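As structure tokens, the structure follows; a few thoughts come after it.
Order of the sequence lines sets the chain letters (A, B, ...), proteins ahead of strands, with each chain counted from 1. Source: prediction; values computed, not measured.
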2 protein chains.
Amino acid sequence: MKLSKRKQQILEAIVEVHIATAEPVGSRTIARKYKLGVSPATIRNEMADLEEMGLIEQPHTSAGRIPSQQGYRYYVDQLMQKGSLTEKEENLIKAVFARQVRELATLIQDTIKLVTQLTDYLVFLSGPQLENATFHQIRFLQLAPQKALLVVMAESGWVESKVVDLPVPVTPEELEQITQVFNSYFRGLTFSQITRTMLRGVYDELTRKRQLIDLTLEIIETLLTKESAEGLYLGGARNILKQPEYRDIRRVRELLDLIEGEEVLKSLLMETQPTGINVRIGKENKFQEVEDCSVVTAVYTFGGNVVGAVGLLGPMRMDYARAIAVIEYITHALSEVLTRSRLL
Amino acid sequence: MKLSKRKQQILEAIVEVHIATAEPVGSRTIARKYKLGVSPATIRNEMADLEEMGLIEQPHTSAGRIPSQQGYRYYVDQLMQKGSLTEKEENLIKAVFARQVRELATLIQDTIKLVTQLTDYLVFLSGPQLENATFHQIRFLQLAPQKALLVVMAESGWVESKVVDLPVPVTPEELEQITQVFNSYFRGLTFSQITRTMLRGVYDELTRKRQLIDLTLEIIETLLTKESAEGLYLGGARNILKQPEYRDIRRVRELLDLIEGEEVLKSLLMETQPTGINVRIGKENKFQEVEDCSVVTAVYTFGGNVVGAVGLLGPMRMDYARAIAVIEYITHALSEVLTRSRLL
DNA sequence: ATTAGCACTCTTCAAAGAAGAGTGCTAAAA
DNA sequence: TTTTAGCACTCTTCTTTGAAGAGTGCTAAT
């Protein structure tokens with residue numbers, strides 16, 4: 001779709017003013033705020049054209065115009081200036097991520113909180129998936145005749161374990177045999193090649209030399225409070241109520257349904273393309289539940305592999321430039337911290 | 001506070017009708033629905049008395065009456081008939097709890113969902129605390145010169161483990177030494193006596209005899225997706241919007257603040273008295289944030305010890321009889337399942 | 001002690017009107 | 001041919017008004 005320079009300017013003005021005010025934008029407002037050197041009447045003519053092209057629409061006969069879904073799309077693809085964070089904001093992010101990271105769950109919660117502070121949208125994040133990690137080995141630690149601890153290790157250094165209630169009494173030799181089988185068969189494969197689901201990372205902080213007893217004590221403590229690395233993490237639900245779109249309680253209800261349902265948000269993260277920032281506007285989303293919302297997502301990585309995604313959900317009238325800038329910065333920072341701290 | 005039989009009947013009528021309708025209750029309504037054998041005028045006189053005693057109040061000069069906080073309290077303590085679940089509802093609960101429980105997290109989520117279906121209030125639940133469990137032993141499994149898996153066991157059978165990055169290279173003998181120290185010093189003490197925090201349970205299902213390899217595979221899978229046993233679990237936020245009290249977006253905002261804040265809800269669960277059902281009405285709650293809400297909580301147990309609590313939060317105009325019945329039934333059922341399935 | 005009757009108060013709802021914003025069209029100007 | 005001033009018209013929003021309804025408190029009669 002080709003637009004004259006002036007039509008572009010007018011469309012941009014409509015989108016930007018509407019994003020800022022949540023109100024329909026009239027020809028006078030544009031003439032006043034953006035000095036295009038033409039009168040409102042001329043702008044009106046152009047607006048009639050833009051409406052015919054489907055880029056803007058009129059809520060009712062005598063209101064200003066609001067961008068249509070396609071209008072937003074054109075804006076995002078062609079007109080929008082790349083946004084950036086203030087130095088202060090970047091420093092805030094760096095400060096949070098510079099802290100020594102003990103627990104993956106803490107890191108994720110901190111990230112959510114951070115994004116919550118930086119935007120007024122719903123923040124959602126999928127915990128690291130380990131599908132593409134490489135199996136290293138398993139080990140058994142027998143605890144009782146019918147009870148053992150199974151330890152799973154990935155080549156990256158990730159280790160996880162779980163108690164197994166054995167169906168029958170088993171000798172150490174039998175356990176050893178199973179271990180052999182696994183380790184010879186699976187070494188070097190990714191977990192997704194072995195099973196299908198794959199999550200959870202473990203790591204621990206370094207402490208001083210001779211304080212091994214203290215350390216052990218501390219480990220017991222953190223062990224007992226450790227949190228999941230799977231599933232969906234959320235924040236900012238309260239923020240989104242600031243948006244005038246959510247003045248109607250029904251919209252809020254739909255939003256809470258979405259949040260409690262989880263599946264849609266998970267799918268949105270799953271579908272995220274690994275390259276760049278994904279922007280889905282209105283009905284571009286496959287899910288009916290979010291067809292009047294927009295979603296900005298991007299993946300984050302560990303050692304170059306995609307392991308999860310972060311998303312923002314807001315009204316179509318979202319500040320795309322800012323949302324994109326925040327998601328971009330955060331996913332990069334998160335990838336870096338994750339890789340650096342070897343939490344996976 | 002002594003009330004005549006008739007005043008009691010009138011107060012009960014006001015509370016019950018108001019709970020059902022969310023509207024102020026007038027003298028005529030009471031005369032019509034409850035056959036007290038007196039005219040509206042008489043009821044009006046009694047209502048004037050009840051108002052003077054602080055049990056009911058008038059939103060404005062010419063509206064009906066609504067119960068005051070003290071009115072609800074009197075109702076809950078003196079007038080309310082004990083509620084009960086329908087057979088169908090009890091069967092639903094039994095059906096859910098009869099399923100083989102693999103994961104503690106799943107059990108908790110199921111419980112929340114259940115209560116969400118049974119009431120229209122916010123459901124919140126604290127995961128099992130293990131403070132009062134008894135330490136049994138620890139074990140180390142060395143994974144690398146500076147890396148080991150620490151396994152912690154409680155006498156109840158609970159086991160948890162975590163990878164430890166050792167600050168310096170350690171010999172197996174040194175690890176053995178530390179193990180000895182811990183096991184001799186701490187055996188028989190509760191975790192709260194040893195450290196302060198204490199959570200997380202692990203268990204696994206029994207499978208068939210020779211399928212150890214399959215089992216191991218499955219364990220890897222579930223291990224990688226295991227979830228936290230700590231913290232606060234929530235549900236039913238969407239439900240509570242059905243309450244007319246939450247037609248105002250500001251109330252919803254406060255509610256979301258409460259949910260995202262978590263601290264207040266956690267405190268409410270912490271403060272729950274171990275005996276019976278706790279009902280806190282309006283300002284009886286210490287927290288300003290919930291001073292126009294009511295909270296019904298009760299603890300659940302494992303092997304006789306209190307390990308967590310379940311709560312319902314709703315408007316003061318809550319159906320107390322039902323809320324209490326649900327919480328009572330659920331906490332008992334949960335305690336029983338937990339103990340039976342040895343998840344802790 | 002109870003009740004019928006009634007004046008009074010307050011809320012809620014709908015209708016009506018005024019104000020304001022913005023458009024589209026026409027005819028004139030550039 | 002493009003732009004613009006002018007103006008009638010439409011639609012929303014806000015305020016006012018008035019009527020209807022619910023419920024009370026008081027008084028006097030039962």
Side-chain angles (χ1 to χ4, degrees), chain A residues 2-11 13-18 20-68 71 244-245 247-248, chain B residues 2-11 13-18 20-68 71 244-245 247-248:
Chain A
K2 277 222 139 180
L3 291 186
S4 71
K5 186 81 187 160
R6 193 167 65 191
K7 282 199 175 61
Q8 291 192 343
Q9 289 177 317
I10 291 174
L11 178 57
I14 292 174
V15 174
E16 285 176 2
V17 173
H18 183 65
T21 64
E23 299 292 328
V25 185
S27 54
R28 261 187 73 132
T29 312
I30 295 175
R32 216 179 326 110
K33 291 199 186 169
Y34 293 70
K35 308 166 195 121
L36 303 181
V38 291
S39 75
T42 308
I43 293 173
R44 279 205 287 283
N45 288 331
E46 297 284 45
M47 280 160 78
D49 292 350
L50 287 170
E51 183 164 8
E52 204 165 345
M53 292 183 228
L55 294 171
I56 57 179
E57 47 200 35
Q58 244 178 332
H60 55 83
T61 322
S62 113
R65 302 305 208 293
I66 59 175
S68 69
E245 279 81 356
R247 221 173 281 153
D248 182 355
Chain B
K2 276 222 141 182
L3 290 187
S4 70
K5 186 81 189 160
R6 192 167 66 191
K7 282 199 175 60
Q8 290 193 345
Q9 289 176 317
I10 291 173
L11 178 57
I14 291 174
V15 174
E16 284 175 3
V17 172
H18 184 65
T21 64
E23 299 292 328
V25 185
S27 53
R28 260 187 73 132
T29 313
I30 293 175
R32 214 179 327 108
K33 291 199 184 167
Y34 293 70
K35 305 160 198 132
L36 303 181
V38 291
S39 75
T42 308
I43 294 174
R44 279 203 289 282
N45 287 331
E46 298 283 44
M47 280 160 77
D49 292 350
L50 287 170
E51 183 164 6
E52 204 164 345
M53 292 184 228
L55 295 170
I56 57 179
E57 47 200 35
Q58 242 178 333
H60 55 84
T61 322
S62 116
R65 302 305 209 293
I66 58 174
S68 69
E245 278 82 355
R247 221 173 282 153
D248 183 354

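For dT3(D), neither phosphate oxygen OP1 nor OP2 lies less than 4.0 angstrom from any side-chain nitrogen or oxygen of Thr42(A).
Smallest separation of non-hydrogen atoms from Glu46(B) and Ser4(B): OE2-OG, 4.4 Å. The shortest heavy-atom contact between Val38(A) and Ala31(A) is O-CB, 4.3 Å. In terms of heavy-atom proximity, Gln58(B) sits nearest to Ala63(B) at NE2-O, 3.3 Å.
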* To do: Between protein and nucleotides 20-28 of chain C, map the contacts as a letter string: B base, S sugar-phosphate only, - none, heavy atoms under 4.0 Å, written 5' to 3'.
  => -BBBB----
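Counting heavy atoms from C-beta on, the side chains of Arg6(B) and Thr42(B) come closer than 4.5 Å.
Note: CZ (Arg6(A)) to P (dT4(D)) measures 8 Å, nearest angstrom. Between the CD1 atom of Ile43(B) and the C1' atom of dA1(C) there is a distance of 15 Å, given to the nearest Å.
By the side chain to side chain donor-acceptor pair (under 3.5 Å) test, Arg247(B) is found to be paired with no residue, residues two or more places apart in sequence or in another chain being considered.
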